[in-house]
Amino acid sequence: MSDQGVRSWIRDARHIAVLTGAGMSAESGVPTFRDAQTGLWAQFNPQDLATEEAFRAHPQRVWDWYQFRRDLVREVQPNAGHYALAAFAQRHPGRMSLITQNVDGLHQRAGHVGAIALHGSLLQDRWLDAQQACCSVEALEDGHPPRCPVCGNLRRPAVVWFGEHLPPEALAAAEAAVQACDLMLVIGTSGVVYPAAGLALGAHQRGARVVVINPEPTELDPVADRVLRERAAQCLLSLLED
Ligand code: APR
């Protein structure tokens, strides 16, 4: 059942900011971040792998974990929810900003143009020590992770690790979207990781309506004007059809 009230908020909104988290990709088959790790990785806590400290201490282990996750997301497809958001944004140019905490690239693969990737991209690498100037990607020495044969600088996944700052342009774009919105949809995020979760609080404080879409309770439920206890894909399909 679609929620008529939320549908009318969507229809009437001047600007809609959408904040997505791991639950957005759950129906594509990407496990959420706080789900139990499977197989080989079950013994590790993601919070102990997704840090610069962990990477410097155990570069091969952390690199291999990212390779495992990269292989996983390459095998899956965007779901109906990713497509519904992309289609809505295309039908309503300038009326929707999409802010995602996901690094899986599925919004982009669904054709969503201009998605704000707050936590970077799983599918790209960058230098670990960005200030080390000698490195050229062409000369990379194969390995887990690849390294510069001259200075030893390592490639690392271009994601934001725990304890790191968000890319300033992405954060500025997300904050601008929060300023502009009168409706925010918070989809598939537990709302525990900041500053991402703070964007929803900011929207609420500025008087925007906040709608949480999540089958489970979240930290952001208290600021929500409506909570839809539903899974993202089906819910978005019915909410976003014209
Ligand atoms: N539809 C909607 N929500 C779902 C679905 C679904 N089909 N399946 C699960 N969820 C919800 C869960 O109930 C949970 O609230 O998705 C949420 C996933 O929460 P987390 O795993 O904590 O993911 P997220 O909120 O995106 O984490 C934020 O933390 O670990 C860091 O950088 C990482 O981007 C990540 C950030």
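One is the number of the first residue; the rest follow in order along the sequence. Computed over heavy atoms, backbone and side chain alike; hydrogens, waters and symmetry mates excluded. Counting convention: from 1, in listed order, for ligands and their atoms alike.
One N or O on the side chain of Asn45 and one on the backbone of Gln47 form a donor-acceptor pair closer than 3.5 Å. Side chain of Thr51 to backbone of Ala54: a donor-acceptor contact under 3.5 angstrom is found. Using a distance-only test at 3.5 Å, with no hydrogens or angles considered, no donor-acceptor pair links the side chain of Arg147 to the main chain of Leu140.
In this pair, Phe55 and Trp161 present their aromatic rings tilted. The plane angle is within the 30 to 60° band.
Put simply, the side chain of Val159 does not reach to within 4.5 Å of the side chain of His119, judged on heavy atoms. Considering only heavy atoms from C-beta on, Val103 comes within 4.5 Å of Arg69 through its side chain.
Residue contacts with ligand 1 for Val193 involve side-chain atoms from C-beta outward but no N, CA, C or O (heavy atoms, distance under 4.0 Å). Looking at Glu27 against ligand 1, only its side chain comes within 4.0 Å, counting heavy atoms. Residue His119 touches ligand 1 through its side chain alone, judged by heavy-atom distances below 4.0 Å.
Note: an N/O pair closer than 3.5 Å links Ala232 and ligand 1 by distance alone. For Ala22, a nitrogen or oxygen atom sits less than 3.5 Å from a nitrogen or oxygen atom of ligand 1, counting backbone and side chain alike. Between Val192 and ligand 1, a contact under 3.5 Å exists for no N or O pair.
Listed by first then second residue, pairs satisfying side-chain hydrogen bond (donor to acceptor under 3.5 Å, both in side chains) with a partner in residues 164-176 read Arg156-Glu164, not counting sequence neighbours.
Scanning for side chain to side chain contact (heavy atoms under 4.5 Å, CB included) contacts around Leu201 gives Tyr194, Leu220, Val223, with sequence neighbours left out.
Contact atoms of ligand 1 toward Glu216: 13 (O) (distance under 4.0 Å to a heavy atom of the residue). When each atom of ligand 1 is checked for a heavy atom of Gln101 under 4.0 Å away, the hits are 28 (C), 34 (O), 36 (C). Here is the list of ligand 1 atoms found below 4.0 Å of a heavy atom in Gly21: 26 (O).
Taking 4.0 Å as the cut-off, Asn214 counts as a neighbour of ligand 1 on heavy-atom distance.
One option in Gly23, Ser190, Pro46, Pro215 has a heavy atom closer to atom 19 (O) of ligand 1 than any other, and that option is Ser190.
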